[in-house]
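So the structure is just underneath, and the comments pick up after that.
This structure is a prediction, so every number in the text was calculated from the model and none was measured. Quick note: numbers below take in every heavy atom, side chains included, and nothing from hydrogens, waters or symmetry partners.
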Amino acid sequence: MLVVYNSLTKQKEVFNPIDPQNVRMYVCGMTVYDFCHIGHARVLVVFDVIYRYLCKLYGAEKVTYIRNVTDIDDKIIQRANENGEDFSQLTGRFIEAMHEDAAALGVLPPNQEPCATAHMQQIIEMIEALIKNGKAYAADNGDVYYSINHFKDYGQLSGKKLEDLRAGERVEVDEAKRDPLDFVLWKAAKPDEPSWPSPWGKGRPGWHIECSAMSTHCLGNHFDIHGGGMDLQFPHHENEIAQSEGATGEKFVNVWLHNGFVRVDEEKMSKSLGNFFTIREVIKTFAPEVIRYFILTSHYRSPLNYSETNLNNARAALTTLYTALKGMEDVEAANHGSVSVDKFYKAMDDDFNTPEALTHLFELAKEINKHRQTDVQKATEAAAELKFLAAQLGLLQQSPDSFLKAGSGEGGLSDAEIEALIQKRNEARANKDWAESDRIRDELKEQGVILEDNAGQTSWRRE
RNA sequence: GGCGGAAUAGCAAAGUGGCUAUGCAGUGGAUUGCAAAUCCAUCUACCUCGGUUCGACUCCGGGUUCCGCCUCCA
């Protein structure tokens with residue numbers, strides 16, 4: 001029985017899909033004007049794991065996962081102008097880069113990846129519905145605004161009261177707005193800006209409306225899960241509720257899931273602070289799977305501190321798991337019904353507790369190591385289960401050798417050079433020339449290559 | 001100021017009203033030509049002050065510190 005923490009009710013509740021034959025999840029994806037950083041990696045990975053687990057529970061063909069792309073907004077326009085290129089050229093490039101990064105991290109593609117620019121009709125229709133329902137108004141300057149006073153439940157998700165928002169007024173005063181808290185649905189185009197025709201003149205959508213329009217269009221008026229980063233809770237998701245419910249008159253979303261931030265030195269990793277590390281940058285030093293593992297070592301709602309130490313720890317932990325799987329390459333992933341499997345599911349059922357789930361992977365690794373010499377049957381079954389469970393987290397998807405021999409960074413000795421030195425060392429060992437044997441091992445160690453003599457075989461890995 | 005979250009061993013990070021979390025690192029032992037890997041054992045904990053309780057790291061209340069949101073942000 002899956003229990004999830006719902007940001008809307010601020011408590012854990014049993015997850016009951018509206019229709020178990022069609023479980024629907026929408027996640028706010030990226031605004032594509034730059035490369036994805038580790039914070040984005042966290043959203044990608046966290047919701048990928050949630051998606052995988054929903055597929056496991058309900059069947060892959062019964063789960064629909066939508067993750068949008070924001071491909072038009074102020075920053076995109078600004079960046080495109082700086083580069084002197086068309087905005088769509090810029091977004092096209094970064095969408096492609098995002099797909100590369102996601103694939104590297106083992107993130108499954110969502111069922112659909114709608115873009116704002118491809119859904120202008122739906123966006124305009126929803127704004128028209130809002131105006132018709134008296135929730136929105138067209139201002140004299142060509143903008144269309146949502147009238148916050150006409151949605152009585154405003155603040156239900158973020159727990160904010162209108163008075164409080166007014167008290168701490170940080171919203172710019174805008175003459176065109178009837179209330180300073182009203183937010184824009186449609187922005188009139190400035191000269192030379194990309195624009196789309198609308199009943200209110202040429203313009204483009206505000207940020208919040210695209211997610212309302214696209215999620216409703218792809219999943220229906222009322223669906224199960226809406227996710228995103230914690231910072232989207234307000235105003236973005238709050239506004240989405242106001243828009244969707246204001247337009248359709250129906251309940252919008254049952255469960256809201258928000259992931260915590262990646263931090264650097266106790267500070268949120270963000271573009272504006274400039275303390276971010278892009279996925280492609282980090283991948284140069286750490287295997288993408290190490291990043292994925294690192295993300296899963298912390299609960300999705302907890303903060304996650306980015307540091308080289310933590311990534312090194314993640315790599316060491318993965319090395320332990322892959323080392324256990326050495327010699328088990330041919331074992332097929334399978335569930336043999338051990339206690340570890342039960343506990344793994346119990347952890348995942350408890351609001352996707354991946355750190356707890358991971359501990360059961362180590363139980364299985366230990367089983368393999370303990371029995372591999374004495375009880376091959378047992379060891380094999382444990383290996384099958386380890387692969388089986390790890391796969392649900394998108395981990396241990398490569399051969400132990402390809403992980404263990406990859407190491408970090410480029411340069412150093414080639415595989416062939418390493419094999420040749422090992423060959424030389426084994427000849428020395430056969431002659432009991434320990435001095436020469438150790439010299440070669442030290443030489444390799446200096447090059448970041450670790451040797452392991454096991455059962456008469458010498459294997460190696462890069463540090 | 002308003003709202004929300006967090007404080008656990010050297011580091012990271014779960015969890016539980018009484019029973020070894022786990023990973024990395026450390027220590028002792030087994031194994032090894034010596035190592036590495038592995039196995040066995042083991043040392044370091046639950047911010048603070050009160051309360052409830054036979055018993056609290058775990059529940060309740062006060063305090064302190066940190067973080068996030070309230071403007072674009074995953």
Heavy atoms from other residues, nucleotides or ligands near CD of Glu446(A) exceed 12 (cutoff 6.0 Å): no
Would you indicate what Gly260(A) reaches in the nucleic acid, counting non-hydrogen atoms under 4.0 angstrom: base, sugar-phosphate, or nothing? base
Taking rC24(B), rG68(B), rC72(B) as options, the one with an atom nearest any side-chain atom of His208(A) is rC72(B)
Tell me the closest heavy-atom pair linking Asn369(A) and Ala324(A), and the distance in Å. OD1-CA, 3.7 Å
Trp434(A) aromatic ring stacked with six-membered ring of rG33(B), 5.5 Å and 30°: yes
How is Glu266(A) classified with respect to the nucleic acid when contacts are heavy atoms under 4.0 Å: base, sugar-phosphate, or nothing? sugar-phosphate
Reckon Arg372(A) touches a base, only the sugar-phosphate, or nothing at all at heavy-atom distances under 4.0 Å? nothing
Is the closest side-chain donor-acceptor distance between Glu13(A) and Thr9(A) under 3.5 Å? yes
Is the count of non-hydrogen atoms from other residues, nucleotides or ligands lying under 6.0 Å from Lys346(A) atom NZ greater than 12? no
With rounding to whole Å, what would you report as the distance between rA30(B) and rA36(B) at their P atoms? 14 Å
Under a 4.0 Å threshold between the charged nitrogen and the carboxylate oxygen, would Lys12(A) count as salt-bridged to Asp350(A)? yes
Base, sugar-phosphate, or nothing: which does Asp453(A) touch, judged by heavy atoms less than 4.0 Å apart? base
Neighbours of RNA chain B within residues 30-52 of chain A, by heavy-atom distance under 4.0 Å: Met30(A), Thr31(A), His37(A), Gly39(A), His40(A), Val43(A)
Side chain of Asn259(A) only, heavy atoms from C-beta on: which candidate in rA74(B), rC69(B), rC40(B) is closest? rA74(B)
Checking all strands, does Ser307(A) fall into the base, sugar-phosphate, or nothing category for heavy-atom contacts under 4.0 angstrom? nothing
Under a 4.0 Å heavy-atom cut-off, which of residues 376-385 of chain A touch RNA chain B? none
Going by an N to O cut-off under 4.0 Å, is there a salt bridge joining Glu436(A) and Arg439(A)? yes
Describe the nucleic acid contact of Lys432(A) in one word from base, sugar-phosphate, nothing, applying a heavy-atom distance below 4.0 Å. nothing
Answer yes if the side chains of Gln233(A) and Ser158(A) hold a donor-acceptor pair under 3.5 Å, and no otherwise. no
Does the pair Asp415(A)/Arg462(A) count as a salt bridge with the N-to-O cut at 4.0 Å? yes
Short side-chain donor-acceptor distance under 3.5 Å, Asn6(A) and Gln11(A): no
Are side-chain N/O atoms of Tyr300(A) and Asn353(A) paired as donor and acceptor at under 3.5 Å? no
Would you indicate what Phe362(A) reaches in the nucleic acid, counting non-hydrogen atoms under 4.0 angstrom: base, sugar-phosphate, or nothing? sugar-phosphate
From CD1 of Ile295(A) over to P of rA13(B), roughly how many Å is that when rounded to an integer? 13 Å
Name the nucleic acid region contacted by Asn310(A), choosing base, sugar-phosphate or nothing; use a 4.0 angstrom heavy-atom cut-off, strictly under. sugar-phosphate
So if I take residues 96-105 of chain A and measure heavy-atom distances to RNA chain B, which residues fall below 4.0 Å? none
Applying a 4.0 Å non-hydrogen cut-off, can you work out what Arg441(A) is touching in the nucleic acid: base, sugar-phosphate, or nothing? base
Closest to side chain of Asn454(A), choosing from rA36(B), rG68(B), rC34(B): rA36(B)
For rA41(B), give the paired nucleotide (Watson-Crick: N1-N3 plus N6-O4 or O6-N4; G-U: N1-O2 and O6-N3; both under 3.5 Å), or none. rU27(B)
When you check the side-chain N and O atoms of Asp179(A) and Asn149(A), is any donor under 3.5 Å from an acceptor? yes
Assign each of Lys161(A) and Met230(A) to its nearest nucleotide of RNA chain B by heavy atoms, then name whichever residue's nucleotide is nearer the 5' end. Lys161(A)
Would you tell me whether Asp73(A) and Thr31(A) have side-chain atoms, one donor and one acceptor, within less than 3.5 Å of each other? no
Closest to the side chain of Ser298(A), out of rG23(B), rA13(B), rC39(B), is rA13(B)
